[in-house]
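First up is the structure itself, then whatever we jot down about it.
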Amino acid sequence: MTTSFLFNGQENADYTILLAHGAGAPMDSASMTANAEALADAGFRVARFEFNYMASRRTLGARKPPPRADTLIPEYLAAIDALGATGPLIIGGKSMGGRIASMIADDLHSSGRIAGLLCLGYPFHPIGKPAQLRTAHLAHMKTPTLIGQGTRDPFGTREEVADYTLSDAIEIVWLEDGDHDLRPRKNLSGFSVGDHLKTMADKALTWANAIAGKV
C-alpha cells in the first residue's frame with residue numbers, strides 16, 4: 001500500500017515531524033489534527049500517516065484490530081523513506097504511534113537519519129495494568145526524546161512515571177490534569193486543551209532548537 005500523508009505547516013520549516021496515530025483512531029482524528037495544527041503553529045512542518053490496518057478501515061469498512069506494535073515497524077520505516085525529508089526529521093506519534101517510533105529511534109539517530117523523537121501521550125502500560133510496563137528500551141534510549149504527557153493519563157500518570165527508570169536523553173513535559181489526549185478538566189485545572197497543546201508545541205520547538213544546537 002502506498003503511504004499517504006496529511007501535511008500541516010510551511011514546506012520550508014526548519015524541522016519536519018512525522019507522526020503516526022494511536023491504536024484506535026486514524027491520522028485525521030480530532031486529537032491528531034489538534035496536535036498537528038498546534039505543532040504547525042509553533043513552526044514545524046508536520047506529516048501524518050496511517051498504518052495499513054487503519055487505512056484499510058476506510059476502504060473495507062471493517063474495524064480491523066491493531067496488530068502487535070513491533071510488527072508495524074517496517075511500515076514506519078517505509079513511511080520515513082516515502083516522506084523523503086531533506087532537513088532535520090523528528091519522528092514520533094500519538095500513543096502507540098510514538099511507541100513504535102521509539103523502537104526504531106536509536107538506530108535511525110545513530111545513522112544520522114533523524115534528529116529526535118516526539119511522543120504525545122506515551123503508553124507506558126496498558127490501562128489498568130500498571131505492572132505490564134513498556135519501558136525496557138526507554139532506560140537505555142540515546143535519541144533525544146520529548147514526551148508530552150498528561151498528569152492523569154491512564155497509560156502512565158505522573159506519580160507512576162516518577163518510579164520508572166528512564167534514560168537521561170528523555171525529557172517529559174507534564175501537562176496538568178491532562179488525559180491521554182492531553183485534555184484537562186478546565187473547571188479543575190484552569191487550563192483548556194488549547195492551552196496544553198500550545199505549551200507542548202512551544203516546548204517542542206525549544207527542545208528541537210536545543211538538540212540542533214541553535215540555543
Aromatic plane relationship, Tyr15 with Phe44 - under 30° parallel, 30 to 60° tilted, over 60° perpendicular: tilted
Within-4.5 Å side-chain heavy-atom neighbours: [X] and [Y]:
| X | Y | answer |
| --- | --- | --- |
| Ile91 | Tyr76 | yes |
| Phe5 | Leu18 | yes |
| Gln149 | Phe124 | yes |
| Thr157 | Thr151 | no |
| His21 | Arg48 | no |
| Glu11 | Arg45 | yes |
| Leu39 | Leu118 | yes |
| Leu89 | Arg113 | no |

Separation between [atom1] of [X] and [atom2] of [Y], rounded to the nearest 0.5 Å:
| X | Y | atom1 | atom2 | answer |
| --- | --- | --- | --- | --- |
| Asp70 | Ile100 | CG | CD1 | 8.5 Å |
| Leu83 | Thr16 | CG | OG1 | 6.5 Å |
| Ile211 | Leu146 | CD1 | CG | 9.0 Å |
| Leu197 | Leu175 | CG | CG | 8.0 Å |
| Glu176 | Arg185 | CD | CZ | 9.5 Å |
| Arg134 | Lys129 | CZ | NZ | 9.0 Å |

Are any side-chain N or O atoms of [X] and backbone N or O atoms of [Y], one a donor and one an acceptor, separated by less than 3.5 Å?
| X | Y | answer |
| --- | --- | --- |
| Thr59 | Ser56 | yes |
| Thr71 | Pro67 | no |
| Thr3 | Ala82 | no |
| Glu75 | Asn52 | yes |

Quick one: name the residues clustered hydrophobically with Phe155, using the 4.5 Å side-chain heavy-atom rule over I, L, V, M, F, W, Y, and just say none if it's on its own. Ile127
Could you pull out the closest heavy-atom pair between [X] and [Y], with the gap in Å?
| X | Y | value |
| --- | --- | --- |
| His140 | Asp106 | O-OD2, 3.8 Å |
| Gly43 | Ala13 | O-CB, 3.3 Å |
| Arg152 | Pro184 | NH2-C, 4.2 Å |
| Asn35 | Ser31 | ND2-O, 2.8 Å |
| Pro123 | Ser95 | CD-O, 3.4 Å |
| Ala69 | Arg99 | CB-NH1, 3.7 Å |

Side-chain donor-acceptor pairs under 3.5 Å in residues 162-171, sequence neighbours left out?
unit_1 : atom_1 : unit_2 : atom_2 : d
Ser167 : OG     : Met141 : O      : 2.5
Ser167 : OG     : Ala169 : N      : 2.9
Glu171 : OE2    : Lys203 : NZ     : 2.6

Would you sort out whether Trp207 and Asp202 count as a side-chain contact (heavy atoms from CB on, under 4.5 Å), showing the intermediate values? CA-CA 9 Å; Trp207 164 79; Asp202 288 348; over 6 Å; no
Single-linkage hydrophobic cluster [X]~[Y], side-chain heavy atoms < 4.5 angstrom:
| X | Y | value |
| --- | --- | --- |
| Phe191 | Val173 | no |
| Phe7 | Ile80 | yes |
| Trp174 | Met200 | no |
| Tyr122 | Leu19 | no |
| Phe51 | Ile104 | yes |

Take Leu72 and Met96 through the side-chain contact (heavy atoms from CB on, under 4.5 Å) test and state the conclusion after the steps. CA-CA 10 Å; Leu72 296 173; Met96 181 196 73; 3.8 Å; yes
Residues, nucleotides or ligands: over 12 heavy atoms within 6.0 Å of His137 NE2: yes
Using the rule given for side-chain contact (heavy atoms from CB on, under 4.5 Å), can you reason through Val46 versus Leu6, listing the C-alpha separation, both sets of side-chain angles and the distance that settles it, and then say yes or no? CA-CA 8 Å; Val46 183; Leu6 289 177; over 6 Å; no
Any side-chain donor-acceptor pair under 3.5 Å between His125 and Glu160? yes
Would you please say whether a donor-acceptor pair under 3.5 Å links the side chains of Asp195 and Ser192? yes
Residue among Asp153, Asp181, Asp28 satisfying salt bridge (charged side-chain N to carboxylate O under 4.0 Å, His left out) with Lys94: Asp181
